[in-house]
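Here the structure is laid out as structure tokens; the discussion comes afterwards.
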There are 2 protein chains.
Amino acid sequence: MSTSSLSKIEKQIKLYKHGKVPKELRIAQIVETAKIMFADFGYTNSSMDELAKRVKVSKPVIYELVGSKENLFKILLDEAGKELHENIQTAVDACESLDNKLRSGGLAFFNFVKTHQPLWLALFVNDQGLFNKEINLIREEQAELVANLIFSSNAFTSVTPAYIDGIAHALNGAYEALARWWFEHPDIEATTLANWIVELLLPAISLANQQF
Amino acid sequence: MSTSSLSKIEKQIKLYKHGKVPKELRIAQIVETAKIMFADFGYTNSSMDELAKRVKVSKPVIYELVGSKENLFKILLDEAGKELHENIQTAVDACESLDNKLRSGGLAFFNFVKTHQPLWLALFVNDQGLFNKEINLIREEQAELVANLIFSSNAFTSVTPAYIDGIAHALNGAYEALARWWFEHPDIEATTLANWIVELLLPAISLANQQF
DNA sequence: GATGTAAACTACTAATAGTAGGTTACTTTA
DNA sequence: TAAAGTAACCTACTATTAGTAGTTTACATC
């Protein structure tokens, strides 16, 4: 193991010979280590005992400094959420036209996801491994249904299978998100929601149908 | 408490005086009870001890019949997934035109979510209560960004605030879903993904701009 | 060198997923 | 109808893990 594999924080910690490290630095180390663990194992499968072991400190130190496992996760969520938001905002602001803003903002989002890979999964998707397989299977079924619907007959004939599959998943995600949003706006009718998405999609579909 | 509050399964179980109930019926009772608990408390906060207590049976019986907590959850996921899929398929098949199929399928989805309320949350969204507040906050921020982008200037001027907010969340959900899908199709470029969604949205936006 | 305090420790509790091995009520067979 | 077999169920445990009470140690300051 070369010294260069140590993070800035780890190097700073090595300077304290007898192991007593100032609060702020230790917090940074705990958060950094937890980030790795959550990304690697997910929330449930990351244990505070293991975290303490990695930080080479006893458990009460962890609890004194970050409060609880839940809170630790929230710290990381908050951090990542802020970074994500800033990235997209910057990308959007850098463009003039609406379509370029949209393209650029979307790209910033996907780049964020890519650079943070497993952490993004652990933070924003679900507890890793437990039921993702099953839920993804259901989503796959739903997406297939959507794909057959939208991309049947004459629409979108000149388009790749990957595009069809991807857009079907995207639409499915739009429905899921709208359903979650609905929980906080329960006064709205189900038919209204269904119409909203139809209105959003029909222009694109009509356009595709005209093109053949 | 009136007898009518008992489910079919509970009534059947009452017929067995000495408490020894056939396997199949006991399994049905366990699954039914677990469904209520997961919906009420979420996965993590539902304990197998409590489940055993409610079913009025010892824990090993539960484990003998359904294997594990994870498996129990998967049984419910599978059940709900199948029902959801059938509902939508039926609704789609009942219509002729594309836009009616889309409307009808969407409605079936939202109706499923509504009738199953807390169970849908527990099964498809996330472990209840833990981080939903924080994740929703981040989503709220993202949606606001999207809303400002899409619905700024002259587009969609004749539209309600609820529509704007809802569609912004839907779009945000589309991006999230596409990112998840991307994990299984890593060969695709981020710019491609960004373009896909722009292409899907631009026709609707252009149309809205023409209308004013 | 004595004193205050920040940083850390040992050794627990409580909750909970899962199990080993034994018991009880019902069924079948002679 | 008594013995044998078995399906349903039980008591009493283990292991893991989030979180805590109370104590000790290294260092700075006087």
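Convention: sequence-line order gives letters A, B, ...; per-chain numbering from 1. Note that the structure is a prediction, hence the values are computed from the model and not measured. Both backbone and side-chain heavy atoms feed into the values below; hydrogens, waters and symmetry mates do not.
Following rounding to the nearest Å, B:L25 (CG) and D:dA7 (P) show an atom-to-atom distance of 17 Å. With rounding to whole Å, A:N71 atom CG is found 15 Å from D:dA18 atom P. Rounded to whole Å, the distance from OH on B:Y16 to P on D:dC9 is 10 Å. Counting to the nearest Å, the P atom of D:dA18 and the CG atom of A:N45 are 10 Å from each other. The separation between B:I30 atom CD1 and C:dG18 atom C1' is 15 Å, rounded to whole Å. Rounded to whole Å, the distance from CG on A:D49 to P on D:dT20 is 14 Å. Regarding A:L15, its CG atom lies at a distance of 17 Å from the C1' atom of C:dA7, rounded to whole Å. Distance CD (A:E70) to P (D:dT17): 17 Å, rounded to an integer number of Å.
B:K20 comes within 4.0 angstrom of a nucleotide base, judged by non-hydrogen atoms across all strands.
Aromatic rings from A:W120 and A:F112 are positioned such that their centres are separated by 6.0 Å or more.
With distances taken from any side-chain atom of B:R26 to the nucleotides D:dG19, C:dA17, D:dC9, the minimum falls on D:dC9.
The number of heavy-atom neighbours closer than 6.0 Å to CD of A:E144, taken from other residues, nucleotides and ligands shown, is 12 or below.
Taking every heavy atom of residues 50-65 of chain B and every atom of DNA chain C, pairs under 4.0 Å involve B:K59, B:P60, B:Y63, by number.
Using modelled atom types, one finds no donor on one side chain facing an acceptor on the other under 3.5 Å when comparing B:R139 with B:Q142.
In this structure, the side chain of B:K82 does not engage the main chain of B:L77 through any donor-acceptor pair within 3.5 Å.
The aromatic rings of B:W181 and B:W196 are tilted relative to each other, their planes meeting at an angle between 30° and 60°.
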Checklist line | Verdict with supporting geometry, B:N195 and A:R103, side chain to side chain donor-acceptor pair (under 3.5 Å) | finding: CA-CA 6 Å; B:N195 274 324; A:R103 221 181 305 273; 2.7 Å; yes
